[in-house]
**Q** 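Below you will find the structure I want to go over with you.
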Amino acid sequence: MSDIKYDVAIVGAGPAGLSAAIVLAKAGVNVIVVERGRFPGAKNVMGGVFYTDCMKGIVEEFPNGAPVERHIIEQRMWMIDDESYVGFGHKNAKFDKEPYNCHTVLRAQFDKWLAKQATDAGALIVNKTVVTEPIMEDGKVVGIKTGRPEGDIKANCVIVADGVNSLMAKSLGFRAKLKKESVALAVKEIIGLDEKVINDRFNVTGSQGVTIEMTGSLFKGAEAMAFLYTNKKSVSLGVGMIIEDMMKHNINPNELIESLKKHPAISPLIAGGETKEYLAHMIPEGGYNDMPQLVGDGVMITGDAATMVNAVHREGSNLAITSGKLAAQTYLEAAEEGDFSSAALSSYIDKLQESFVMSDLKKYKALPKLLQKNRQLLDKYPKLMNDAAFELLTVDGISKQEKQKHIWKNMKQQIGFTNMLKDLYKIWRSVG
């Protein structure tokens, strides 16, 4: 590797790095992707929902030939406590028409497939290789150093896509150490179930699928989100919790997912299933406010390395793929002028600003701090909603008017009318 100079060196073979590699290779660019895992996808984890729109301009025939599991026709949201949940859902026949809006995927399979699209286009992928730091000349990034003997790689430009713990972003001084209040640890089990059992339990047929997102007082005021997604012959069950909360409440992630599996709303959905795989991964939850410097002389930062995660809408892989595509397009423009300076590559930021990526991250930038400072939104409100639903739906000889008075009295005692108005205002300001 040390004797060859590449046009572009990409660090990380996740969605961001591979999407960039595909766009560049198709354009005839000499590109190398360096991945620390045994193969692309070996180190990568996500909940499992993948939005298809981001593949435009990368793999136009998608999802033909791709290892997708089910297309999602129903999405549910539950506010969950120890014994119950209050929820809402949206099921729409429009989601059952091609092109499908989103699918569930299993990352190990999906990333292997995406990597093949890159190599078929002409990119070189080198696995089991750790990139330790950038090669600098006169303050410019001109390549990458690896853990292999004589493993330095020179390049006109480096695209950093090495994930949440990005060694490259830290080495460049673009990002400080991750804050424990801005990073979640997600644990996930893939539970095998017969395809017919899944279809019956979730009221779907063929390749139709369902997603369930959960938060609430079950997690004792901690900032956490659980999920249950249907695959062809398995379901993905997991929960993510902010690391600071995990430490503060002394929560073991293994115990967390076990308690979730025993919940009366979850256990019937996974009954008889066998855990096929257990996965854990960190997720950058800070979003826009934690975003590092994105561009330098000869370098661009993409995906999780740039904290491009929209936790509200469980979007990460589509933001990563879009950022990789935009970084590749920026390189192609810069190559026409032979200028890979920070000024020339800054059009990458312009492209992000013009896309949904930066718009959505900005929209929810105040939400992480809101949830950190107002834990009643995750604990007291979901509990009150479940208690109110139980009260109203229980027929016991007490009038509905009396029940409503009792519910209202309980809400005022637990939170207070003025505080409820303040909380509503805070939420509106954070997501409006």
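Along the sequence shown, the residues carry numbers beginning at 1.
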**Q** Just checking, any donor-acceptor pair under 3.5 angstrom between side chains of Ser342 and Asp297?
**A**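 On atom types as modelled, these side chains do not qualify, holding no pair under 3.5 Å.
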**Q** Show me, pair by pair, the donor-acceptor contacts under 3.5 angstrom made by side chains of residues 8-27, not counting sequence neighbours?
**A**
unit_1, atom_1, unit_2, atom_2, d
Ser19, OG, Pro15, O, 3.0
Ser19, OG, Ala16, O, 2.9
Ser19, OG, Ile321, O, 3.1
Lys26, NZ, Ile58, O, 2.6

**Q** Applying ring pair (Phe, Tyr, Trp, His ring centres under 6.0 Å), name anything that partners Tyr85, two or more places apart in sequence or on another chain.
**A**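 Partners of Tyr85 under the ring pair (Phe, Tyr, Trp, His ring centres under 6.0 Å) test: Trp78.
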**Q** For residues Asn310 and Lys363, is any side-chain donor paired with an opposing acceptor at under 3.5 Å?
**A**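 Result is no, nothing qualifies.
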**Q** How long is the straight-line distance from CD1 of Ile159 back to OH of Tyr348, given to the nearest 0.5 Å?
**A**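 Tyr348 OH to Ile159 CD1: 8.5 Å, rounded to 0.5 Å.
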**Q** Among residues two or more places apart or on two chains, list those pairs meeting side chain to side chain donor-acceptor pair (under 3.5 Å) that have a residue in residues 132-143.
**A** Glu137-Lys154
**Q** Could you check whether any side-chain heavy atom of Lys112 comes within less than 4.5 Å of a side-chain heavy atom of Lys116, counting everything from C-beta outward?
**A** no
**Q** Once rounded to the nearest 0.5 Å, what's the spacing between atom CG of Leu193 and atom CZ of Phe202?
**A**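 Spacing of CG (Leu193) from CZ (Phe202) equals 8.0 Å.
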**Q** Sequence neighbours left out, what pairs pass side chain to side chain donor-acceptor pair (under 3.5 Å) with at least one residue falling in residues 186-205?
**A** Arg70-Asn199, Glu189-Lys261, Glu189-Thr275, Lys196-Asp200, Thr205-Gln208
**Q** Report yes or no: do Asn254 and Tyr278 form a side-chain donor-acceptor pair below 3.5 Å?
**A**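 Yes, Tyr278 and Asn254 have a side-chain donor paired with an acceptor closer than 3.5 Å.
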**Q** Taking the six-membered ring for Trp, are Phe50 and Phe110 parallel (under 30°), tilted (30 to 60°) or perpendicular (over 60°)?
**A**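 Because their plane-to-plane angle lies in the 30° to 60° range, the rings of Phe50 and Phe110 count as tilted.
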**Q** Once you round to the nearest 0.5 Å, how far does CD1 of Ile283 lie from OG1 of Thr307?
**A**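 Answer rounded to 0.5 Å: 13.0 Å.
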**Q** To check you understand the geometry: which heavy-atom pair defines the closest contact between Lys365 and Asn289, and what is its length?
**A**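 Shortest heavy-atom separation between Lys365 and Asn289 comes out as O-ND2, 2.6 Å.
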**Q** Can you name the nearest heavy-atom pair linking Val210 to Ile72, along with the distance?
**A** N-CD1, 3.9 Å
**Q** May I have all residue pairs that pass side chain to side chain donor-acceptor pair (under 3.5 Å) and include part of residues 317-327, sequence neighbours excluded?
**A**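 Qualifying pairs: Glu315-Asn318.
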**Q** Please determine whether the number of non-hydrogen atoms from other residues, nucleotides or ligands lying under 6.0 Å from atom CD of Glu337 exceeds 12.
**A**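 Check fails, neighbour count at 12 or below.
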**Q** Does the side-chain contact (heavy atoms from CB on, under 4.5 Å) test come out yes or no for Leu106 and Glu69, once each step is laid out?
**A** CA-CA 8 Å; Leu106 300 174; Glu69 294 290 309; 3.8 Å; yes
**Q** Give a yes or no answer on whether the side chain of His71 reaches the backbone of Ser207 with a donor-acceptor pair at less than 3.5 Å.
**A**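 Here the side-chain-to-backbone pair exists.
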**Q** When you measure from the side chain of Thr52 to the backbone of Asn101, do you find a donor-acceptor pair of N or O atoms at a distance under 3.5 Å?
**A**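 Indeed, once roles are kept as given, a pair shorter than 3.5 Å links the two residues.
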**Q** May I ask you to check whether Tyr100 and Phe95 place their ring centres under 6.0 Å from each other?
**A** no
**Q** In Å and rounded to the nearest 0.5 Å, what is the CD to OG distance from Glu354 to Ser359?
**A** 12.0 Å
**Q** Apply ring pair (Phe, Tyr, Trp, His ring centres under 6.0 Å) to Phe174 and list each qualifying residue two or more places apart in sequence or on a separate chain.
**A**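 For Phe174, no residue satisfies ring pair (Phe, Tyr, Trp, His ring centres under 6.0 Å) once neighbours in sequence are set aside.
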**Q** Output yes when a side-chain donor or acceptor of Asp162 lies under 3.5 Å from a complementary backbone atom of Leu167, and no otherwise.
**A** yes
**Q** Mind listing the closest non-hydrogen atom pair of Ala334 and Leu345 along with its distance?
**A**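 Heavy atoms only, the tightest pair is CB-CD2, 4.0 Å.
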**Q** Decide yes or no on side-chain hydrogen bond (donor to acceptor under 3.5 Å, both in side chains) for Asn231 and Ser236, but give the supporting numbers first.
**A** CA-CA 7 Å; Asn231 306 313; Ser236 296; 3.0 Å; yes
**Q** Sorted by first residue and then second, give each salt bridge (charged side-chain N to carboxylate O under 4.0 Å, His left out) pair with at least one member in residues 10-22; sequence neighbours left out.
**A**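 Checked against salt bridge (charged side-chain N to carboxylate O under 4.0 Å, His left out) - neighbours excluded - no pair reaches residues 10-22.
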**Q** Enter the distance from Ile349:CD1 to Ser347:OG here, rounded to the nearest 0.5 Å.
**A** 9.0 Å
**Q** Does a sphere of radius 6.0 Å around CD in Glu258 hold more than 12 heavy atoms from other residues, nucleotides or ligands, not counting ones at 6.0 Å or beyond?
**A**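 Check passes, neighbour count above 12.
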**Q** Return all side-chain donor-acceptor pairs below 3.5 angstrom for residues 376-383, not counting sequence neighbours, or 'none' if the list is empty.
**A**
unit_1, atom_1, unit_2, atom_2, d
Gln376, NE2, Asp423, OD1, 3.1
Gln376, NE2, Asp423, OD2, 3.3
Lys380, NZ, Gln414, O, 3.4
Tyr381, OH, Asp423, OD2, 2.7
Lys383, NZ, Asp387, OD1, 3.1
Lys383, NZ, Asp387, OD2, 3.1

**Q** More than 12 heavy atoms of other residues, nucleotides or ligands under 6.0 Å from NZ of Lys145: is that the case?
**A** no
**Q** When you look at Tyr6 and Asn156, which way does the side-chain hydrogen bond (donor to acceptor under 3.5 Å, both in side chains) test go after all the steps?
**A** CA-CA 7 Å; Tyr6 292 84; Asn156 293 327; over 6 Å; no
**Q** Met241 and Ile251: side-chain contact (heavy atoms from CB on, under 4.5 Å), yes or no, with the steps?
**A** CA-CA 9 Å; Met241 180 175 286; Ile251 295 174; 3.5 Å; yes
**Q** Is the shortest heavy-atom distance from the side chain of Val204 to the side chain of Thr230 under 4.5 Å?
**A**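 They are not in side-chain contact.
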**Q** Keeping the roles fixed (side chain from Thr302, backbone from Val160), state whether a donor-acceptor pair exists under 3.5 Å.
**A** yes
**Q** Which residues satisfy the side chain to side chain contact (heavy atoms under 4.5 Å, CB included) test with Asn250, sequence neighbours excluded?
**A**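 Listed in chain order: nothing, the list is empty.
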**Q** Might you point out which heavy atoms bring Asn127 and Pro40 nearest each other, and give the distance in Å?
**A**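 It is OD1-CD, 3.4 Å.
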**Q** Which heavy atom of Leu185 sits nearest a heavy atom of Pro253, and at what distance?
**A**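 Here Leu185 and Pro253 meet closest at CD2-CG, 4.0 Å.
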**Q** Can Lys179 and Glu244 be said to form a side-chain contact (heavy atoms from CB on, under 4.5 Å), step by step?
**A** CA-CA 9 Å; Lys179 296 174 287 188; Glu244 182 181 52; over 6 Å; no
**Q** Is it true that Arg314 and Glu213 have a side-chain N and a carboxylate O under 4.0 angstrom from each other?
**A**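 Yes.
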**Q** Under the rule for ring pair (Phe, Tyr, Trp, His ring centres under 6.0 Å), what residues qualify as partners of Tyr364, not counting sequence neighbours?
**A** His313
**Q** Can you pull out every salt bridge (charged side-chain N to carboxylate O under 4.0 Å, His left out) where at least one residue sits in residues 97-111? Sequence neighbours excluded, please.
**A** Arg107-Asp111
**Q** Would Phe227 and Val239 count as a side-chain contact (heavy atoms from CB on, under 4.5 Å) if you check the C-alpha gap in whole Å, the side-chain angles of each, and the deciding distance to 0.1 Å?
**A** CA-CA 6 Å; Phe227 58 86; Val239 59; over 6 Å; no
**Q** Mind checking what makes ring pair (Phe, Tyr, Trp, His ring centres under 6.0 Å) contact with His263, not counting sequence neighbours?
**A**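 His263 satisfies ring pair (Phe, Tyr, Trp, His ring centres under 6.0 Å) with no other residue.
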**Q** Does a salt bridge link Arg375 with Asp245, judged by any charged N lying under 4.0 Å from a carboxylate O?
**A**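 Salt bridge present between Arg375 and Asp245.
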**Q** Which pair of non-hydrogen atoms, one from Lys426 and one from Leu370, has the smallest distance, and what is that distance?
**A**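 Closest heavy-atom pair between Lys426 and Leu370: CB-CD1, 3.5 Å.
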**Q** Does the distance from a Lys or Arg side-chain N to an Asp or Glu carboxylate O, for Lys248 and Glu223, drop under 4.0 Å?
**A** no
**Q** Nearest 0.5 Å, please: how far is CG in Leu218 from CD1 in Ile266?
**A**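 CG of Leu218 is found 9.0 Å from CD1 of Ile266.
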